[in-house]
Student: 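Below is one structure. I have some questions about it.
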Amino acid sequence: MLVLEGVSRRFGTKLAVDAISLEFGGGGFVGVIGRSGAGKSTLLRMINRLVEPSAGRILHEGVDVTALKGAELRAWRARCAMIFQQFNLVGRLDVLTNVLMGRLNKVSTARAVLKLWSDDDKALALAALEQFGIANIAAQRAESLSGGQQQRVAIARALVQEPDLILADEPVASLDPRNTRVVMDALRRVNKHFGISVVCNLHSLDLAREYCDRLVGIAHGRLVFDDVPAALTDSIARELYGLEADDVIEAPAAAPLPAGVAVAAA
């Protein structure tokens, strides 16, 4: 159980997140929705401790995450994997090595620097790539891949951390409709097949309603909605998105993959 108790974050005079309290049980796929600048990314980064809360506490299984330091904080970040919009891969390294970076918390610094990965670690990384249809590109440099492929590599890297929770911060914002579907399907597979909780920031209501089993809506840093997707009415959407609401509500869903198109071809 992950619990946020009155969590806030202030940047100078701006209150980016305003006293949000939430509970996340295990195994869910939660979408965090709202317009750009609502505080969604700041909220996820506080959970991972990339941003420090100005007030409030974050608890995981009774442990105060906001008080963790040193090795305990590094261990938390391994259990709470983060996926970013811009992939955060090392372009000059091959795909397999990028995925193995998710094992850094499991090996010594010397072994990681010298790339002395065990056979078990390599097998785990290859198995993760296979889950998302990209084991065949394990030897390619990350910088040579398409955006959809790079994001699937990032998800595989998160998976080999063996996390309890994956935080995905606008993971499809820079992708075309086809690769958006591929990446969202990959996240859903992580959630349903492996039972790993996913909290995902999304701008598209179509995607949020289709992939998530719970939606958390944030406007101006405040929690304004927390319920199942079916309970999100157009009036609530307008409260969340303001002038953007009509475009967000009416935006067509991304087209599904054509029959017979292999996922690995993205």
Student: Just how far is it from atom CD of Glu170 to atom CG of Leu202, taken to the nearest 0.5 Å?
Tutor: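 Taking CD in Glu170 and CG in Leu202, the distance rounds to 6.5 Å.
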
Student: Side chain of Gln161, backbone of Gly102: donor and acceptor closer than 3.5 Å?
Tutor: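 Checked: no pair found.
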
Student: Determine the interplanar angle of the His203 and Tyr241 rings, folded into 0 to 90°, and report it as parallel if under 30°, tilted if 30 to 60°, perpendicular if over 60°.
Tutor: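 Aromatic pair His203/Tyr241 classed perpendicular.
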
Student: I need the Met1 CE to Leu59 CG distance, nearest 0.5 Å.
Tutor: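 Going from CE on Met1 over to CG on Leu59, the span is 11.0 Å.
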
Student: Counting only heavy atoms not in Glu72, do more than 12 fall under 6.0 Å of its CD?
Tutor: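 Open: at most 12 neighbouring heavy atoms sit under 6.0 Å from CD of Glu72.
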
Student: How far apart are the closest heavy atoms of Gly27 and Asn191, and which atoms are they?
Tutor: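 Reported closest heavy-atom pair: O-ND2, 3.1 Å.
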
Student: Taking everything shown except His60 itself, do over 12 heavy atoms lie less than 6.0 Å from its NE2?
Tutor: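 Yes.
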
Student: What heavy-atom pair brings Asp121 and Leu100 nearest, and what distance separates the two atoms?
Tutor: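 That would be O-CD2, 3.4 Å.
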
Student: How close do Ala219 and Ala38 get, counting heavy atoms only, and between which atoms?
Tutor: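 Heavy atoms only, the tightest pair is CA-CB, 4.4 Å.
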
Student: Taking the basic N atoms (NZ, or NE/NH1/NH2) and the acidic carboxylate oxygens, is any pair closer than 4.0 Å for Asp169 and Lys40?
Tutor: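 No, no charged N to carboxylate O under 4.0 Å.
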
Student: Any carboxylate oxygen within less than 4.0 angstrom of a Lys/Arg side-chain nitrogen, looking at Glu162 and Arg103?
Tutor: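 Looking at Glu162 and Arg103, the cut-off is met.
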
Student: What are the two closest non-hydrogen atoms of Ala237 and Leu232, and how far apart are they?
Tutor: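 Looks like N-CD1, 4.4 Å.
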
Student: Which heavy atom in Ala78 sits nearest to a heavy atom in Pro163, and how many Å separate them?
Tutor: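 Minimum heavy-atom contact is O-CB, 3.7 Å.
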
Student: Is there a donor-acceptor pair under 3.5 Å between the side chain of Gln149 and the backbone N or O of Ile134?
Tutor: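 It does not hold such a pair.
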
Student: What distance separates Asp94 CG from Glu143 CD, expressed to the nearest 0.5 Å?
Tutor: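 So the gap between those two atoms works out to 11.5 Å.
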
Student: Just so I know, are the side chains of Arg189 and Ile155 near enough to count as touching, which here means a heavy-atom distance under 4.5 Å?
Tutor: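 Side-chain contact under 4.5 Å: no.
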
Student: Rounded to the nearest 0.5 Å, what separates atom CD in Glu23 from atom CD in Glu5?
Tutor: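 So the gap between those two atoms works out to 8.5 Å.
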
Student: Is there a donor-acceptor pair under 3.5 Å between the side chain of Arg49 and the backbone N or O of Val65?
Tutor: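 Here the side-chain-to-backbone pair exists.
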
Student: Under the side chain to side chain contact (heavy atoms under 4.5 Å, CB included) rule, what do Trp76 and Ile47 come out as? Steps first, then yes or no, please.
Tutor: CA-CA 10 Å; Trp76 166 243; Ile47 294 172; 4.2 Å; yes

Student: Under the 3.5 angstrom rule, does the side chain of Asp18 hit a backbone N or O of Arg222 as a donor-acceptor pair?
Tutor: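 Flag not set: sc Asp18 to bb Arg222 has no pair under 3.5 Å.
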
Student: In this structure, would Val32 and Phe24 fall into the same cluster of hydrophobic residues linked by side-chain contacts under 4.5 Å?
Tutor: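 Val32 clusters together with Phe24.
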
Student: Ignoring hydrogens, what is the shortest heavy-atom contact between Ile33 and Leu240? Give both atom names and the distance.
Tutor: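 That closest heavy-atom pairing would be CD1-CD1, 3.7 Å.
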
Student: Could you tell me whether a side-chain N or O of Arg92 sits under 3.5 Å from a main-chain N or O of Arg141, the two making a donor and an acceptor?
Tutor: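 A pair under 3.5 Å: no.
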
Student: Looking at Arg10, is its backbone amide N or carbonyl O close enough to the side chain of Ser54 to form a donor-acceptor pair, meaning the two atoms are under 3.5 Å apart?
Tutor: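 The answer is yes, because a donor-acceptor pair under 3.5 Å joins these two groups.
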
Student: Hey, is the main chain of Ala135 close enough, under 3.5 Å, to the side chain of Glu130 for a donor-acceptor pair?
Tutor: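 Judged by distance alone, no pair lies under 3.5 Å.
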
Student: To the nearest 0.5 Å, tell me how far Leu215 CG sits from Phe29 CZ.
Tutor: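 Spacing of CG (Leu215) from CZ (Phe29) equals 10.5 Å.
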
Student: Supply the atom-to-atom distance Tyr211 OH to Leu187 CG, rounded to the nearest 0.5 angstrom.
Tutor: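 Interatomic distance, Tyr211 OH to Leu187 CG, rounded to 0.5 Å: 9.5 Å.
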
Student: For Glu52, is there any backbone N or O sitting under 3.5 Å from a side-chain donor or acceptor partner on Arg9?
Tutor: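 Checking the backbone N and O of Glu52 against the side chain of Arg9, a donor-acceptor pair under 3.5 Å is found.
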
Student: Using side-chain heavy atoms (C-beta onward) and a distance below 4.5 Å, is Arg238 in contact with Asp234?
Tutor: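 Yes - at least one pair of side-chain heavy atoms lies under 4.5 Å apart.
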
